[in-house]
Asks: 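Handing you a structure now.
Just so it is clear, the model here is predicted, and its values are computed rather than measured.
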Amino acid sequence: MATNASNQSDNISDENDVFTISILEHTIKFYILLTLQVPSLACVFFILYHFKWRRLHSQIYGILIIENSLIITIELPITLFFLYRGDVHTETICPIWISLNYSLFYLSIALMAWTSFERYLFIYYEKIITKHYLLLHYFPIACLILYGPLFYLSLVYLYKCQSYYDIHAFVCGGTCYQYELALGLFDWIGNIITPIFITFFINIIIVIRHFLQKHRMREAIVSINRHQQWRRSAKMTVQLLATSMLYIIGWIPYTTIGLIQIFENTEQLASLLSAVFVFIPYMQTLFLPIICLLFMPDIRHKFYSALIELYAVKIFRRGNRIQTIENQSIMTARPPLASKQPN
């Protein structure tokens, strides 16, 4: 009897420790995401206010910023609510949360993959994409924007399988189609892993071609026009690398662990995936506007000018305040004039 009581007390103690650790993890994640949400949204508003939509080669970045802002303003608040409370209060929120999470994050990585491919065309085949911009620019973007939400909405709401939602789990533990091998593999490999590795390999190809082109330019006599084109392509390459590296860092570990879990589902992998890796894409989403602000030259210069102007106004107001205080102190310290006495 004493042994059984001791075992029960140990089990209760372990459960309390796990519960305490879970609350601590949720609290840390909550405050990290909430702290980054405000400056990220500020960067989104600043970029979109100054964005030049007439530039064909930059339009995809504007669309990417808008799509990520939807995650920050619509999907992320549900995640923050979940982290704050430890649940989503009711199962009716689960399909909405799942649809938003899956659709918006798919759109983000798919648009980044297309951004990489389109940037490759603008760097090396600009005449072709400029001539056929409806087919090579607008049509693929429209297809991606339509495909993602329609695919996930149909699977979450229309697919005939029974979902058992866990309101205490991230995205309520997912939906039922994910546990079917064919659909689960198609979704994970086709919609998640493929866009990420397209982004990864296109960036490698661009970097290799960039250095090969630079090596050829050193060995040959290059015209001024050719050198200017190379510098322009170098700037576009750096801009692409800066944004795509966020996706590569944020998604490759997550997709790799998720793929392993499909074939070998263990508690360690599941806990690692749900506790750590599912939240890394949020960091990519929140840092993307900041990186875009720093690597878009026109917008960066306007941002620096705005900061300098605000600093100058602050210094000017401070100088006026000091001058006013000094004048008041002088007037206070000055002795009153003696009044003339009548004769």
Side-chain angles (χ1 to χ4, degrees), residues 14-45 65 67-109 148-149 152 156 163-176 178-179 187-188 192 196 246-247 249-258 261 265-291:
D14 291 340
E15 289 177 1
N16 289 335
D17 291 341
V18 170
F19 183 70
T20 305
I21 291 170
S22 177
I23 292 175
L24 182 61
E25 285 180 359
H26 282 198
T27 304
I28 293 171
K29 293 169 188 173
F30 173 81
Y31 283 107
I32 289 174
L33 295 178
L34 185 64
T35 303
L36 290 172
Q37 187 183 30
V38 177
S40 182
L41 272 177
C43 291
V44 167
F45 294 141
I65 290 292
E67 197 282 330
N68 274 262
S69 70
L70 295 178
I71 299 176
I72 298 170
T73 56
I74 299 175
E75 197 279 339
L76 182 58
I78 304 176
T79 302
L80 290 174
F81 180 80
F82 162 76
L83 291 173
Y84 183 78
R85 279 180 53 97
D87 58 52
V88 289
H89 187 62
T90 175
E91 287 188 6
T92 56
I93 299 176
C94 291
I96 300 172
W97 189 13
I98 292 169
S99 301
L100 286 172
N101 183 278
Y102 291 9
S103 301
L104 292 176
F105 275 108
Y106 162 76
L107 273 177
S108 181
I109 59 176
Y152 288 109
V156 172
S163 294
Y164 298 96
Y165 298 122
D166 180 5
I167 63 172
H168 300 282
F170 179 72
V171 289
C172 299
T175 188
C176 57
Q178 296 173 272
Y179 301 100
D187 180 33
W188 197 256
I192 307 298
I196 293 299
L246 282 175
Y247 284 84
I249 294 171
W251 283 92
I252 283 186
Y254 174 50
T255 54
T256 304
I257 296 294
Q261 190 190 13
N265 191 7
T266 63
E267 290 186 6
Q268 290 82 4
L269 283 177
S271 62
L272 188 65
L273 192 65
S274 62
V276 180
F277 288 104
V278 293
F279 292 97
I280 296 177
Y282 285 104
M283 305 301 289
Q284 166 264 304
T285 301
L286 292 167
F287 275 106
L288 180 69
I290 300 170
I291 294 298

Asks: Could you tell me which residues satisfy side-chain hydrogen bond (donor to acceptor under 3.5 Å, both in side chains) with T175, sequence neighbours excluded, listed by chain and number?
Replies: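 Per chain and number, T175 pairs via side-chain hydrogen bond (donor to acceptor under 3.5 Å, both in side chains) with S163.
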
Asks: Please identify each residue that fulfils disulfide bond (SG atoms under 2.5 Å apart) with C172, with sequence neighbours left out.
Replies: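 With sequence neighbours excluded, C172 shows a disulfide bond (SG atoms under 2.5 Å apart) to C94, given in chain and number order.
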
Asks: Checking Q284 side chain against W251 main chain: does a donor-acceptor pair fall under 3.5 Å?
Replies: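 No; judged by distance alone, with no hydrogens or angles, the pair does not exist.
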
Asks: Can you check whether M283 reaches L36 side chain to side chain, under 4.5 Å on heavy atoms?
Replies: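 They are in contact (side-chain heavy atoms under 4.5 Å apart), so the answer is yes.
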
Asks: Would you give the length of the straight line joining atom CD1 of I32 to atom CG of L286, rounded to the nearest 0.5 angstrom?
Replies: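 With rounding to 0.5 Å, CD1 (I32) is 11.0 Å from CG (L286).
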
Asks: Under 3.5 Å, side chain of S103 to main-chain N/O of L100, donor-acceptor pair present?
Replies: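 Such a contact is absent between S103 side chain and L100 backbone.
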
Asks: Residues in ring pair (Phe, Tyr, Trp, His ring centres under 6.0 Å) with Y84, at least two apart?
Replies: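 Y84 satisfies ring pair (Phe, Tyr, Trp, His ring centres under 6.0 Å) with F30 only.
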
Asks: How many angstroms lie between atom CD1 of I28 and atom CG of L83, to the nearest 0.5 angstrom?
Replies: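 Reported to 0.5 Å precision, the distance equals 11.5 Å.
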
Asks: Does anything in residues 71-86 pair up under salt bridge (Lys or Arg N to Asp or Glu O under 4.0 Å), and if so which pairs, sequence neighbours excluded?
Replies: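 For residues 71-86: R85-D87.
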
Asks: Indicate yes or no: at least one non-hydrogen side-chain atom of Q178 is less than 4.5 angstrom from one of W188.
Replies: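 They are not in contact (no side-chain heavy atoms under 4.5 Å apart), so the answer is no.
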
Asks: For the residue pair Y282 and L33, establish whether any side-chain heavy-atom pair is separated by less than 4.5 Å.
Replies: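 Yes. Closest side-chain heavy atoms under 4.5 Å.
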
Asks: Applying side-chain contact (heavy atoms from CB on, under 4.5 Å), name anything that partners P95, two or more places apart in sequence or on another chain.
Replies: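 By the side-chain contact (heavy atoms from CB on, under 4.5 Å) rule, P95 matches V156, Y157, Y165.
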
Asks: Is it the case that the side chain of S108 and the backbone of L104 share a donor-acceptor pair, with hydrogens and angles ignored and the cut-off at 3.5 Å?
Replies: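 Checked: no pair found.
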
Asks: Under 4.5 Å between any side-chain heavy atoms of I167 and H89, yes or no?
Replies: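 Not touching, per the 4.5 Å side-chain cut-off.
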
Asks: Between I74 and I78, which heavy-atom pair has the shortest distance, and what is it?
Replies: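 In this case the closest contact between I74 and I78 is O-CG1, 3.8 Å.
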
Asks: To the nearest 0.5 Å, what is the distance between NE2 on H26 and CG on L80?
Replies: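 With rounding to 0.5 Å, NE2 (H26) is 12.0 Å from CG (L80).
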
Asks: Kindly write out the residues that satisfy side-chain contact (heavy atoms from CB on, under 4.5 Å) with T27, not counting sequence neighbours, or none if the list is empty.
Replies: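 Per chain and number, T27 pairs via side-chain contact (heavy atoms from CB on, under 4.5 Å) with I23, Y31.
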
Asks: With rounding to the nearest 0.5 angstrom, report the CG to OG1 distance, N68 to T73.
Replies: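 Rounded to the nearest 0.5 Å, the CG-OG1 separation comes to 10.5 Å.
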
Asks: Of all residues at least two apart in sequence or in a different chain, which pass the ring pair (Phe, Tyr, Trp, His ring centres under 6.0 Å) check with F170?
Replies: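 Ring pair (Phe, Tyr, Trp, His ring centres under 6.0 Å) list for F170, sorted by chain: W97, F279.
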
Asks: Only counting residues at least two apart or in another chain, list the ones meeting side-chain contact (heavy atoms from CB on, under 4.5 Å) with I249.
Replies: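 Residues passing side-chain contact (heavy atoms from CB on, under 4.5 Å) with I249: M245.
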
Asks: What's the spacing between T285 OG1 and L246 CG if we round to 0.5 Å?
Replies: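 Rounded to the nearest 0.5 Å, the OG1-CG separation comes out at 9.5 Å.
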
Asks: Checking T35 now: which residues fulfil side-chain contact (heavy atoms from CB on, under 4.5 Å) with it, not counting sequence neighbours?
Replies: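 If we apply the side-chain contact (heavy atoms from CB on, under 4.5 Å) test to T35, skipping adjacent residues, there are no hits.
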
Asks: Under the criterion side chain to side chain contact (heavy atoms under 4.5 Å, CB included), I'd like the reasoning laid out for I257 against F277: C-alpha separation, chi angles, the key distance, then a yes or no.
Replies: CA-CA 8 Å; I257 296 294; F277 288 104; 4.0 Å; yes

Asks: Applying ring pair (Phe, Tyr, Trp, His ring centres under 6.0 Å), name anything that partners Y102, two or more places apart in sequence or on another chain.
Replies: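 If we apply the ring pair (Phe, Tyr, Trp, His ring centres under 6.0 Å) test to Y102, skipping adjacent residues, the hits are Y152.
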
Asks: Calculate, to the nearest 0.5 Å, the distance between atoms CD and CG belonging to E91 and D166 respectively.
Replies: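 It comes to 8.5 Å.
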
Asks: With a 4.5 Å cut-off on side-chain heavy atoms, are F105 and P281 touching?
Replies: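 P281 reaches F105 side chain to side chain.
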
